[in-house]
Asker: 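After the structure tokens below, expect a handful of questions from me.
Residue numbers start from 1 in every chain, and the chains themselves are labelled A, B, ... in the order their sequence lines are given, proteins ahead of strands. Remember, it's a predicted structure, so these values are computed and weren't measured experimentally.
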Amino acid sequence: MDKRYQPQLFEQKIYKEWEKKGLFTPKVDKKKKPFTILLPLPNASDPMHVGHVMFVIEDIMIRYHKMLGEPTLWLPGGDHAGIETQFVFEKKLAKKGKSRFDYDRKTLYRMIWKFVEKNRKLNMFQMKELGFALDWSRYHYSLEPKIVEQILATFKKLHDDNLIYRGERIVNYCTYCGTAFSDLEVDHVEKDDFLYYLDYESVQIATTRPETIFADVAVAVNPKDKRYKKLIGKEATIPLINKKVKIIADDLVEKEFGTGALKITPAHDALDFEIGQKHHLPLITCIEFFGKMINTIKEIDGLYPKQARKKTLELLERSGKLVKTEPLRHTIGICYRCKNIIEPLPTSQWYVKTKKLAEPVIDSVKSGDTKLFPPRFKKVYLDWMENIRDWNISRQIVWGPRIPAWYCLECNPEIRLTFISKRGKKVKGNYSGIFSKYSFKEIAGGLQELSAPVEAEYFLKDKGECPRCGGSDYLQETDTFDTWFLSGQWPLTTLGFDVKNPMKSSEDFFYFYPTSVLDTLWDILFFWVGRMMILGFYLANKTPFELIHLHAKVVDERGQKMSKSKGNVANPSKIVEKYGADALRMALVYGIAPASNIALSEKKIEAMRNFTNKLWNASRFILMNLESSNFKLQTSKQLLKVKSLKNKDDQQILAGLEKLVEEVDKNLKKYRFGQALEKIYQFFWHQFCDDYLEKVKERRAEALPVLLEVLVTCLKLLHPFAPFVTEAIYQTFKVKLKKHSLFKADYLMVSVWPQKDSG
RNA sequence: GGGUUUGUAGCUCAGUUGGUUAGAGCGCACGGUUCACAUCCGUGAGGUCACAGGUUCGAGUCCUGUCAAGCCCACCA
């Protein structure tokens, strides 16, 4: 053995061997209950970052259960990650001076596909690099045909069950990304802004968005507000355009805020939209989808809202309608991806009715059929489920499967189309306005986007003709599915569930579903876990997992979240290269409490690297003694039964070992991985090396059985945390002690977990 | 506004159901090259466990309040 442990010499070699021997693939034994975890599928848009290394917690559980002799499956996958990926790709395009608008959707899709394939392979390599005991023979990708086929069937089923509808309402629209977002995808930030008091003649209103006055359709006051009682039903006048609107009463209006009178702009504010619906007010738009002003006045039209605000204020001031300006700190919604301000806009989107679907989920969590760890998340999870809103599943991007609905253009002439013509010219307009100039083939070939009015008729099956008029000029919806619609069915699709005919699902499904543990970052508890449960119950009538285990976020030394923009993202491959995978793995686990943030520092990784070296050298010491003594290497009969040893030190260390086994076991069962590792570290380094090993130097030969017993037991306990170095040492010993009972298993990875009474 | 978590050594954090002198890693001080390891070994300094009350024979650990920080949720224009 070398003087130092050099991970580079062993890691890849050992991983390949494990893989070759099929150790990652569970042996299905119907008499035994399997232990199953689905890997939270990494986004194929990006290489993995250090946060992903937290999957090591899953690896620890998997390896532990494998050593307990359970059929153990850890199923890997890759996610096409719709918006995320398209966003990353568009940034790449931008560097080349291009944008998504330069390509028709087929071309763009193909380009992204190619880009993603590269990253998918990189992701797989990185997971192997970290030693993850994933069953690669069951790997799935969210865009593979079988998976997509299933999720389309789910859409159909939801539709047949009347749980899908199209709705026109205010959505969170990012004019930069060009798509709507669900409420979950909107970040909120505090911003110092101003509150402007405007003179509407009969009444004064206060607003932060003076540029939207052109789309006002009413002014609302609280019915209990004495100041305005007399004005209800009267009129107010919008400045600059001198338009008269009604003053209405609604208790959603806060009396205390501003003047207590609220201008109602249903097209550009969610609250206003709600009030507008209630009072049957019209919808006037003054900001279009690319973020520019329309339907205003000639000084403003065509400007972006920011400039428009400035200009509007200027004009208001000049006309004496700007009464006063107050500073105001409030929160605004921004796009979680590009950080631009979210524009609430009215659009038609596809929704899933979620209220009913959430009921069995709530029951399951309440009754404890599905548990959460740490348990404190139960409350917030239930809270979200109980107040769930309908789920907008449509996204206006190309990257992902399109919603399987078709529109006949003849039957829906008001459909708005955007496409690139044969001559490479971008064309926009309603079908009714352009059908005479462009053939259907030309439109379909260069199609970028279509936008159908909410009342448009669609059909679900691509039959070859419109079921209504029999025509063949129809186009598929260009909206794609929200990524979570696909990954929300991950436990079902990857295990071979058959949506159309559940009884015909694959054997894997019946054996492994529900899975044992779902471990993930709490960031996506609602995004992902919530949807998986909803769809799991809806389709399979069972929870997808028995336990939801939430792990922590990795932050830098100063407690800052790792993000690219901060430039503090650590590259796991680089760390592995420098310190070894085991060191990185242990650095993320050692001394952490469940679901609290983890500050990763280079010092800590170094400390863990030193620990792997300590293991290595203690082993080297034992091996050297083994070789220099008269120890018969090939037989186990020569060994004394460790239990019969009389020496006090021996007894003490063995008692300590027994206690350690018990404690590690207890901690692992309670998901206290940090504690478990700390216990092993302390025992091995200080009790075993510093103390016992030093003491027995004078009677090495005699102590050999004890040394071996303690070493192998520690290797086993440590294996889930540091699989490589432990396996490397085990193999080194195995070569010398082939027949020894401690080295029966071909690989430490599949050896038997230490039992309490084994000493 | 509602919810939730955290506040323990210079730094990053453990401390499981309340039980003897409160722990680790890193850092710091001093001392060690002997045949496992300088990625090492030994010795040591350093904490009124945020603050104030309470329960208890006994509290870092349970309860109440205060202060501070973080996170999540929410339609304050």
Asker: Using the P atoms only, state how far B/rA29 lies from B/rA45, rounded to an integer number of Å.
Answerer: 16 Å
Asker: So does A/Asp269 pair up with A/Arg209, basic N to acidic O under 4.0 Å?
Answerer: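 A salt bridge is absent here (no side-chain N lies under 4.0 Å from a carboxylate O).
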Asker: Does anything in residues 671-685 of chain A form a side chain to side chain donor-acceptor pair (under 3.5 Å)? List the pairs, not counting sequence neighbours.
Answerer: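 Found A/Tyr590-A/Gln682.
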Asker: Looking at B/rA36, B/rG15, B/rG42, which one has an atom nearest to any side-chain atom of A/Asp690?
Answerer: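 When the side chain of A/Asp690 is considered, B/rG42 is the closest of B/rA36, B/rG15, B/rG42.
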Asker: Which whole number of Å gives the distance between the P atom of B/rU5 and that of B/rC63?
Answerer: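 Straight-line distance between the two P atoms is 11 Å.
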Asker: Treating a pair as Watson-Crick (purine N1 to pyrimidine N3 plus N6-O4 or O6-N4) or G-U wobble (N1-O2 and O6-N3) with both distances under 3.5 Å, list the stems of 3 or more consecutive pairs that involve RNA chain B.
Answerer: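 Counting only runs of 3 or more consecutive pairs, the stems involving RNA chain B are B:1-7 with B:67-73, B:10-13 with B:23-26, B:28-32 with B:40-44, B:50-54 with B:62-66.
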Asker: Tell me every residue that passes salt bridge (Lys or Arg N to Asp or Glu O under 4.0 Å) with A/Arg309, counting only those two or more places apart in sequence or in another chain.
Answerer: A/Asp193, A/Glu211
Asker: May I have the distance from A/Lys670 (atom NZ) to B/rG15 (atom P), rounded to whole angstrom?
Answerer: 12 Å
Asker: Answer with base, sugar-phosphate or nothing: what part of the nucleic acid does A/Thr265 contact at a heavy-atom distance below 4.0 Å?
Answerer: nothing
Asker: Could you check whether A/Leu525 gets within reach of a base, just the sugar-phosphate, or nothing at all, counting any heavy atom under 4.0 Å?
Answerer: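 Counting heavy atoms under 4.0 Å across all strands, no contact is made by A/Leu525.
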Asker: Using a heavy-atom cut-off of 4.0 Å across all strands, would you classify A/Gly591 as base, sugar-phosphate, or nothing?
Answerer: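 Sugar-phosphate, backbone atoms only, no base.
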Asker: For nucleotides B/rA22 and B/rA9, find the distance between their P atoms and express it as a whole number of Å.
Answerer: 14 Å
Asker: Rounded to whole Å, please give me the gap between CZ in A/Phe684 and P in B/rC37.
Answerer: 15 Å
Asker: Would you kindly give the CG-to-P distance between A/Asn610 and B/rU39, to the nearest whole Å?
Answerer: 8 Å
Asker: Could you walk me through whether A/Trp616 and A/Phe10 pass ring pair (Phe, Tyr, Trp, His ring centres under 6.0 Å), step by step?
Answerer: CA-CA 12 Å; A/Trp616 180 259; A/Phe10 299 97; 5.4 Å; yes
Asker: I'd like to compare against my own output: the B/S/- annotation of nucleotides 17-24 of chain B with a strict under-4.0 Å heavy-atom distance to protein.
Answerer: -------S
Asker: Send over the distance from A/Lys603 NZ to B/rG10 C1', rounded to a whole Å.
Answerer: 14 Å
Asker: Looking across every strand, which nucleic acid part, if any, lies under 4.0 Å from A/Lys669 by heavy atom: base, sugar-phosphate, or nothing?
Answerer: nothing
Asker: Excluding sequence neighbours, so at least two apart, what forms salt bridge (Lys or Arg N to Asp or Glu O under 4.0 Å) with A/Arg227?
Answerer: A/Asp225
Asker: For RNA chain B, whose closest nucleotide is more 5', that of A/Ser619 or that of A/Pro594?
Answerer: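 It is A/Pro594 whose nearest nucleotide is closer to the 5' end.
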Asker: Considering only atom P, compute the distance from B/rA50 to B/rU6 and round it to an integer number of Å.
Answerer: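 Roughly 12 Å separates the two P atoms.
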Asker: For a quick check of understanding: with a heavy-atom distance under 4.0 Å over all strands, which category does A/Ala607 fall into, base, sugar-phosphate or nothing?
Answerer: sugar-phosphate
Asker: With no hydrogens and no angle check, just 3.5 Å: does a side-chain donor-acceptor pair link A/Trp391 and A/Asp482?
Answerer: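 Note: A/Trp391 and A/Asp482 side chains meet the donor-acceptor criterion.
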Asker: Can you check whether any acceptor in the base of B/rC26 is under 3.5 Å from a donor in the side chain of A/Lys604, or vice versa?
Answerer: no
Asker: Taking A/Arg585 for its side chain and A/Ala581 for its backbone only, find out whether a donor-acceptor pair lies under 3.5 Å.
Answerer: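 Flag not set: sc A/Arg585 to bb A/Ala581 has no pair under 3.5 Å.
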Asker: Does the structure place the NZ or CZ of A/Lys697 under 6.0 Å from the centre of the six-membered ring of A/Phe621, at an angle of no more than 45° from the ring's axis?
Answerer: yes
Asker: State whether A/Glu386 and A/Lys366 are salt-bridged, where the test is any N-O pair (Lys NZ or Arg NE/NH1/NH2 against Asp/Glu carboxylate O) under 4.0 Å.
Answerer: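 So A/Glu386 pairs with A/Lys366 through a salt bridge.
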Asker: Are A/Tyr381 and A/Phe377 close enough that their ring centres sit under 6.0 Å apart?
Answerer: no
Asker: Under 4.0 Å: is that the gap between some side-chain N or O of A/Arg4 and OP1 or OP2 of B/rU39?
Answerer: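 For A/Arg4, the contact criterion (side-chain N or O under 4.0 Å from OP1 or OP2 of B/rU39) is met.
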Asker: Please identify each residue that fulfils salt bridge (Lys or Arg N to Asp or Glu O under 4.0 Å) with A/Lys553, with sequence neighbours left out.
Answerer: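 Salt bridge (Lys or Arg N to Asp or Glu O under 4.0 Å) list for A/Lys553, sorted by chain: empty.
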Asker: Hey, what are the protein-to-nucleotides 32-35 of chain B N/O distances that come in under 3.5 Å?
Answerer:
none

Asker: Tell me: CZ of A/Phe673 to C1' of B/rU16, nearest whole Å?
Answerer: 14 Å
Asker: Within less than 4.0 Å of OP1 or OP2 of B/rU39, is there a side-chain N or O belonging to A/Asn617?
Answerer: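 Indeed not, no polar side-chain atom of A/Asn617 lies that close.
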Asker: Flag the pair A/Asp691 and A/Lys695 as a salt bridge only when some basic side-chain nitrogen lies within less than 4.0 angstrom of an acidic carboxylate oxygen.
Answerer: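 Yes.
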Asker: A/Gln687: what forms a side chain to side chain contact (heavy atoms under 4.5 Å, CB included) with it, not counting sequence neighbours?
Answerer: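 If we apply the side chain to side chain contact (heavy atoms under 4.5 Å, CB included) test to A/Gln687, skipping adjacent residues, the hits are A/Ile653, A/Phe683.
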Asker: Both conditions, 6.0 Å and 45 degrees, for the charged tip of A/Lys324 above the ring of A/Tyr197: are they met here?
Answerer: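 Verdict for A/Tyr197: a cation-pi partner in A/Lys324.
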Asker: Atom CE of A/Met608 to atom P of B/rC13: distance rounded to whole Å?
Answerer: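 After rounding, the reported distance stands at 15 Å.
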Asker: Both A/Gln675 and A/Arg609 contact RNA chain B. Which one's nearest nucleotide lies toward the 5' end?
Answerer: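 Its nucleotide being nearer the 5' end, the pick is A/Gln675.
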Asker: Under 3.5 Å, which protein N or O atoms sit close to an N or O of nucleotides 4-7 of chain B? Give each pair with its distance.
Answerer:
from: B/rU4; atom 1: OP1; to: A/Lys379; atom 2: NZ; distance (Å): 3.2

Asker: For residues A/Pro210 and A/Leu198, report the shortest heavy-atom separation together with the two atoms involved.
Answerer: CB-CD1, 4.5 Å
Asker: Would you tell me whether A/Tyr228 and A/Asn222 have side-chain atoms, one donor and one acceptor, within less than 3.5 Å of each other?
Answerer: no
Asker: For B/rG58 and B/rC72, measure between their P atoms and round to the nearest Å.
Answerer: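 After rounding to an integer number of Å, I get 42 Å for this pair.
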Asker: Under the salt bridge (Lys or Arg N to Asp or Glu O under 4.0 Å) test, which residues partner A/Asp390, sequence neighbours left out?
Answerer: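 In terms of salt bridge (Lys or Arg N to Asp or Glu O under 4.0 Å), with neighbours along the sequence ignored, A/Asp390 is linked to no residue.
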Asker: Is a side-chain donor-acceptor pair under 3.5 Å present for A/Asp216 with A/Tyr200?
Answerer: yes
Asker: Roughly how many Å is it from CE in A/Met586 to C1' in B/rA14, rounded to a whole number?
Answerer: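 Answer to the nearest Å: 17 Å.
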Asker: Considering only atom C1', compute the distance from B/rC62 to B/rU17 and round it to an integer number of Å.
Answerer: 12 Å
Asker: Using a cut-off of strictly less than 4.0 Å between a heavy atom of the residue and any atom of RNA chain B, enumerate the qualifying residues of residues 720-729 of chain A by number.
Answerer: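 The answer is none.
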Asker: At under 4.0 Å between heavy atoms, how does the protein contact nucleotides 71-77 of chain B? Give one character per nucleotide, 5' to 3', with B, S or -.
Answerer: S--SBBB
Asker: B/rG65 and B/rG3: how far apart are their P atoms, nearest whole angstrom?
Answerer: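 Looking at atom P only, B/rG65 and B/rG3 are 12 Å apart.
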Asker: When rounded to the nearest 0.5 angstrom, what is the spacing between CD1 in A/Ile287 and OG1 in A/Thr175?
Answerer: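 A/Ile287 atom CD1 to A/Thr175 atom OG1 measures 8.5 Å (nearest 0.5 Å).
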Asker: In whole angstrom, what separates A/Asp691's CG from B/rC37's P?
Answerer: 19 Å
Asker: Verify the neighbour count for atom NZ of A/Lys278: are there more than 12 heavy atoms of other residues, nucleotides or ligands below 6.0 Å?
Answerer: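 Yes, enclosed.
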Asker: Roughly how far apart, to the nearest Å, are B/rU66 and B/rU21 at atom P?
Answerer: 33 Å
Asker: Taking atom types as modelled, find out whether A/Thr612 and A/Lys614 have a side-chain donor-acceptor pair closer than 3.5 angstrom.
Answerer: no
